[in-house]
Amino acid sequence: MDTIRKSDATRRQANLVDYDQFYAGFHWEDAERLLDGLPGGKLNIAFEAIDRHVIQGRGDRIAIRWISKDGPRLDFSYAELLRETNRFANVLKGLGIARGDRVYSLLGRVPELYVAALGTLKYGAVFCPMFSAFGPEPVKARMEIGGARVLVTSHSLYRKKVAPWRKELAGLGAVLLIDGDEAEADTDTHDLSKLMAEAGPRFSIAATDPEDMALLHFTSGTTGRPKGAVHVHRAVVAHHLTGQLALDLHPDDVFWCTADPGWVTGTSYGIISPLTNGVTMIVDEAEFDAGRWYGILESEKVNVWYTAPTAIRMLMKAGPELAKDHDLSRLRFMASVGEPLNPEAVAWGDRTFGMPFHDNWWQTETGGIMIANYASMDVKPGSMGKPLPGITAGIVEKHDGMVREISRPMTIGQLALKPGWPSMMRAYLHEEERYRKCFVGDWYLSGDLAMRDADGYFWFVGRDDDVIKSAGHLIGPFEVESALMEHPAVAEAAVIGIPDETIGEVVKAFVALKPGYEGSDELMLDLLGHARKRLGPAVAPKEVAFRNNLPKTRSGKIMRRLLKARELGLPEGDISTLESDER
Ligand code: ATP
Ligand code: MG
C-alpha cells in the first residue's frame, strides 16, 4: 500500500518537526525538565497532572469533560480537580491508610474513578484500576495478588463481585462505595460521598521519590494469565513526553482516549498524559456505539483522538456514510494502539477523515508508547512507525543463550528494547523469575516478533506464541489477516496454525463478515483465492471458518490462543479477560 505523505503545513504544526534530528540529540534529562518536580528531587504524578497547572494560573481550564451514559455532561476544571483529589487524599488519611498501600478501583468510567486515581497518587499510595466488567473471580485474584487495602467501587458492583468473598481477603481494610451506604452492615464499608464532604480541600502532596511505586497494572491476558506490572512515579516523564511527541498534544487541544482505565492505555493516556500536558480530556461513560462516537467527535470538537483497531474495524463495518454526516473538521491527529492496525484501516482513515490513523506500539510492561507514527512523518500503512526519542528498539535473535541484533532489513526477529526509560515496569509483582527472563544481555525482550525496514520503520509480525511455522516459512498472522481484511466481505479476521505432520503447521483463518454477507462455500473459495493471489500458496490459509464474532479480551484484543485451544480440543487456559464469546 502506498506511503501516505505529510504536507509541509502538517509537518510545521507538529510538536516533533524533525524526527531524526530530535532523536539524535535527545536525553531523558531534557524530558524531566519539561516537568516541575517537587523540592529535593522528589516527583509525584498527580502534582504534575494537576497542581502545577493551578499554581501556574491555568486552574480555570477544563481538565475533564465527562459525558454520562444518558447524555448530560459534567466539567471539572483543573482547580476543581485539585480540590477533589485533595479531598480523596484526606479520606485515605482519615482511614489510616499508609503510603505505599494499594488502592483498587472497580468502577465504570465515572468521575469518582479519576478522582480516586489521582487522589491516591497524591497521597503516595499505589493505584490499581480494575475493569468493571470482570467477574468476581478475576476481581478477587487481582486484589489478592496486589494485597488490596482499599477498594473504591459502586454499590451494585460490590454486591455482585466483592461481597460474596470479602471476608476471605483479610487485608482489605476499607471499601468506599460511590453511591450507597452499607455502613450499617459492615463497619469497614463507607459512603464515599459522605467522607468526601467531610474531608478538607487542602492536602500537602506526598513527597514521593521518583522510584516509589505508583501504579499496578495487570496485562490484558491475551497470551495467558495476566501479570501485574509495577510502575513508579518517574513514569510520568515518559507519559508527558510521549503525549507531546507521539500523540502531538498541544496545550489548547481537546483529546479523547477511548480506552478504559482498567487497561494501561486508559490510565497512561486516558488520565496522566493528557493532564500533565494541560489539555481538556473527554471521558465517555458509555460503551462503543458508532453514531455516538461520531457525535462526540463533532460536538466536543475533538482535536486528537486515540483509539484501538477493534473500534476502528467496527467503525469501518458501520460504513463511511455515518462519518460523512458529521462535521469532523476539528480533528487534527488520530492514533491507534493495542493490536496490529491493518493497512486497510489506515487507508480507510485517510479516505474517511482526510488523515491516516497513526499506529503506535507499546505494552503494559513499557508503561508508555515506544514505537510510533508521528504527525510530521510519512505513514507506511501497516507499519508501527519508529522508536520514540530516548528509546532504542531492535530486532534481535537468540543465539547460544545470548541475544544479537539482526541488522538485515525486513528480517523477522524478536522486538526488543534497551532498558532504561522512565516508564519501564520495575517488576512483575511476586513473579521475579518471569520478570528476570524478560531481560537477556542488553535487551528487554517484548515477546512480539517484528521486522525493521531499510528506512527504520518497524513492522509487526505477530506475538511469539502466535507465529505459524509452515514448510520452513515463518508466517505472521498479521500479514495474512491484513490480506483477508482487504476483501470487501471481511469485517475481522484471525489466523492460527494447525499442527500438520508434513509441513509443521497449516494456516487456518477465522473470519467475521460485514453486514449483508453470508458465509457460504462460494465465499470461502473466493476468500481462499483472494488470499492466495495476495500472499502466495505457501502463506495463504488452507481453510476459512466463518464466525459471528471472534473471541476477544475486554481490552479488544483477538485471543488467537483460544481459537487454537478450541480447534484442537485443548484446555482454554485463563479466560478471565475474555469478552465476546459468541461462536
Ligand atoms: P498478556 O501479556 O497478558 O498476554 P497483552 O500482551 O495483550 O496480554 P497488553 O500489555 O495490554 O497485554 O498488550 C501489549 C501487546 O499488545 C503487545 O505486546 C502487542 O502484542 C500488542 N500490541 C500493542 N500495540 C500494538 C500495535 N500497534 N501493533 C501490534 N501489536 C500491538
Ligand atoms: Mg503481553
Side-chain angles (χ1 to χ4, degrees), residues 129 131 138 141-142 145 215 217-229 231 242 246 259-270 306-312 335-343 345-346 357-373 379-388 393 414-417 423-425 428-429 431 434-435 437-438 444-451 457-467 476-479 481-482 494 551-562 573-579:
F131 188 59
R142 282 161 179 74
I145 292 171
L215 297 156
H217 276 301
F218 286 91
T219 59
S220 286
T222 315
T223 56
R225 189 166 48 83
K227 299 147 271 190
H231 289 283
T242 50
D260 188 279
W263 312 108
V264 71
T265 306
T267 302
S268 294
Y269 298 98
Y306 193 22
T307 189
T310 336
I312 297 169
S336 164
V337 73
E339 273 207 304
L341 185 65
N342 312 97
V346 179
F357 283 102
H358 294 76
D359 186 23
N360 58 56
W361 175 94
W362 58 291
Q363 310 176 298
T364 309
E365 290 86 342
T366 71
I369 301 171
M370 295 285 111
I371 297 180
N373 286 284
V379 172
K380 299 190 189 188
S383 163
M384 308 187 285
K386 295 188 184 185
L388 258 292
Q414 170 113 205
L415 176 55
L417 305 162
S423 64
M424 178 58 182
M425 68 164 165
Y428 281 136
L429 201 63
E431 293 194 87
R434 202 170 187 182
Y435 174 74
K437 277 194 180 148
C438 299
Y444 161 72
L445 304 180
S446 71
D448 288 341
L449 299 185
M451 304 183 286
Y457 283 75
F458 282 74
W459 298 77
F460 186 79
V461 171
R463 290 167 187 265
D464 215 349
D465 300 353
D466 291 339
V467 165
F478 178 47
E479 184 187 11
E481 291 160 9
S482 291
K552 289 195 201 94
T553 65
R554 293 192 179 278
S555 53
K557 295 164 194 271
I558 296 174
M559 292 170 95
R560 293 175 192 79
R561 68 165 162 108
L562 198 56
D574 186 304
I575 50 166
S576 60
T577 61
L578 176 66
E579 181 197 44

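Counting convention: from 1, in listed order, for ligands and their atoms alike.
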With distance as the sole criterion, is a donor-acceptor pair present between the side chains of Asp464 and Gln414 under 3.5 Å?
-> yes
Ser220 side chain to Thr553 side chain, donor-acceptor N/O pair below 3.5 angstrom | no
Heavy-atom nearest pair, Pro309 first then Glu339, reads CG-O, 3.2 Å
Can you see which heavy atom on Cys438 is nearest to which on Tyr428, and at what distance?
-> SG-CE1, 3.8 Å
Nearest-contact summary for [atom] - protein heavy atom, Å:
atom: atom 15 (C) of ligand 1; answer: Arg463 NH2, 3.4 Å
atom: atom 4 (O) of ligand 1; answer: Thr223 OG1, 2.4 Å
atom: atom 26 (C) of ligand 1; answer: Glu339 O, 3.4 Å

Sub-4.0 Å heavy-atom approach of Trp263 to ligand 1 | no
Tell me, please: is Trp362 in heavy-atom contact with ligand 1, that is, under 4.0 Å?
-> yes
Which part of [X] is near ligand 1, with near meaning a heavy atom under 4.0 Å away: side chain, backbone, both or neither?
X: Lys227; result: side chain
X: Asp359; result: side chain
X: Phe460; result: side chain
X: Asp448; result: side chain
X: Asn360; result: backbone

[X] N/O to ligand 1 N/O under 3.5 Å:
X: Ser336; value: no
X: Gly221; value: yes
X: Ser446; value: no
X: Gly338; value: yes
X: Arg225; value: no

Subset of ligand 1 atoms that lie under 4.0 Å from at least one heavy atom of Pro340 = 28 (N), 29 (C), 30 (N)
Atom indices of ligand 1 within 4.0 angstrom of Thr364 heavy atoms, with elements = 9 (P), 10 (O), 11 (O)
Without swapping roles, check the side chain of [X] against the backbone of [Y] for a donor-acceptor pair under 3.5 Å.
X: Thr219; Y: Thr364; value: no
X: Glu431; Y: Lys227; value: no
X: Tyr269; Y: Ile369; value: yes
X: Arg560; Y: Ala494; value: no

Could you check which of Gln363, Met384, Lys557 puts a non-hydrogen atom nearest to atom 13 (O) of ligand 1?
-> Lys557
Option among Thr242, Leu341, Val337 that satisfies the side-chain contact (heavy atoms from CB on, under 4.5 Å) test with Asn360 = Val337
Can you tell me how far the CH2 atom of Trp263 sits from the NZ atom of Lys557, to the nearest 0.5 Å?
-> 9.0 Å
More than 12 foreign heavy atoms under 6.0 Å from CZ of Arg434: is that the case here?
-> yes
